[in-house]
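Data block below; observations after.
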Amino acid sequence: GGPGVLAGRRVLVSAGGTQEPLDPVRFLGNRSSGKQGVALAAAARDAGAEVTLVAAHVEVPLPAGVRVLRVGTAEELRSALVEETGNADVVLMAAAVADFRPAERLGTKIKKRADGDDPVIELVRNPDILAELVTLRNREKRSQLILGFAAETGDGAGSVLDYARQKLERKGCDLLVVNHVGESKVFGQDENSVQILSRTASEMQHVEGSKNTVAQAIILRVAAELGV
Ligand code: C5P
């Protein structure tokens, strides 16, 4: 470990929440601030990596010294990542991707109507980008480390980590960073408490502290997995 552990490595990071338009003035969004993803991009840069950050909606300043691509929707995020993934040694998928988007995007603002019914919004599934990046890597037989995040609310004692382990298998990524989210926890906060799960190790690593501290720990763990 130490500074420079990712020297010469190309790291692709996604951060922030996607916004899925309903009409020209409205969208469906989520409460992601992008802090953890932006902190990861900065930590990778500080570790010597060449960083590309694909940023959806973020509420913090974007870091200097990294290449930034801005996106809005999940579909735009997907295109940017599919385009960039072939050039990355490491992919850190921290974006909060909307699972659903409005089935149609109206060209004019939805109006209140005196006569008719209130509108009903139909939703369709967005693609699972993380799973797709894993499939692409496997198909192209690239050596690339892929890390995902899981924000779990848990629906019973002990279920959060069981569920996360299943998610790691289902998505096929190498590392999964799990945070337990609740009403006031995590979103927009500076502190975080996570477990890092690996496909190759049965024990998990607990990290607690500021989102910068957590980012540094994740980068060190990525370096360890790469055998640096
Ligand atoms: O399935 P879930 O949303 O819990 O998985 C979270 C992980 O998957 C995160 O790394 C997130 O960036 C990614 N994800 C994705 N595409 C989606 C939904 C989530 O890449 N449509």
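No hydrogens, no waters, no symmetry mates; every other heavy atom, side chains included, goes into these values. All ligand and atom numbering here is 1-based and tracks the order in the structure. Bear in mind the structure is a predicted one, so any value in this text is a computation, not a measurement.
Nearest-residue assignment for atom 15 (C) of ligand 1 (options Leu133, Val177, Ile129; heavy-atom criterion): Ile129. Across Ala95, Ser32, Ala94, heavy-atom proximity to atom 11 (C) of ligand 1 is greatest for Ala95.
By the 4.0 Å N-to-carboxylate-O rule, Arg26 lies close enough to Asp23 to be salt-bridged with it. Ion pairing of Glu225 with Arg221 is present here, as a side-chain N (NZ or NE/NH1/NH2) and a carboxylate O approach within less than 4.0 Å.
With a 6.0 Å radius and a threshold of 12 heavy atoms from other residues, nucleotides or ligands, Glu140 has its CD atom above the threshold.
Using a non-hydrogen distance threshold of 4.0 Å, Pro127 registers as a contact of ligand 1. Under a 4.0 angstrom heavy-atom cut-off, Arg78 registers as lying outside contact with ligand 1.
At a 3.5 angstrom cut-off on N or O pairs, Phe149 counts as close to ligand 1. Residue Leu130 has at least one nitrogen or oxygen atom sitting less than 3.5 Å from a nitrogen or oxygen atom of ligand 1, judged on distance alone. Polar contact check, Asn126 against ligand 1: no nitrogen or oxygen pair lies under 3.5 Å apart. At a 3.5 angstrom cut-off on N or O pairs, Lys171 counts as close to ligand 1.
Side-chain contact check for Gln144 and Thr85: at least one donor-acceptor pair (N or O, by modelled atom type) lies under 3.5 Å. Under 3.5 Å, the side chains of Arg101 and Asn126 contain a donor-acceptor pair of N or O atoms.
Only side-chain heavy atoms of Asp99 come within less than 4.0 Å of ligand 1; its backbone N, CA, C and O stay farther off.
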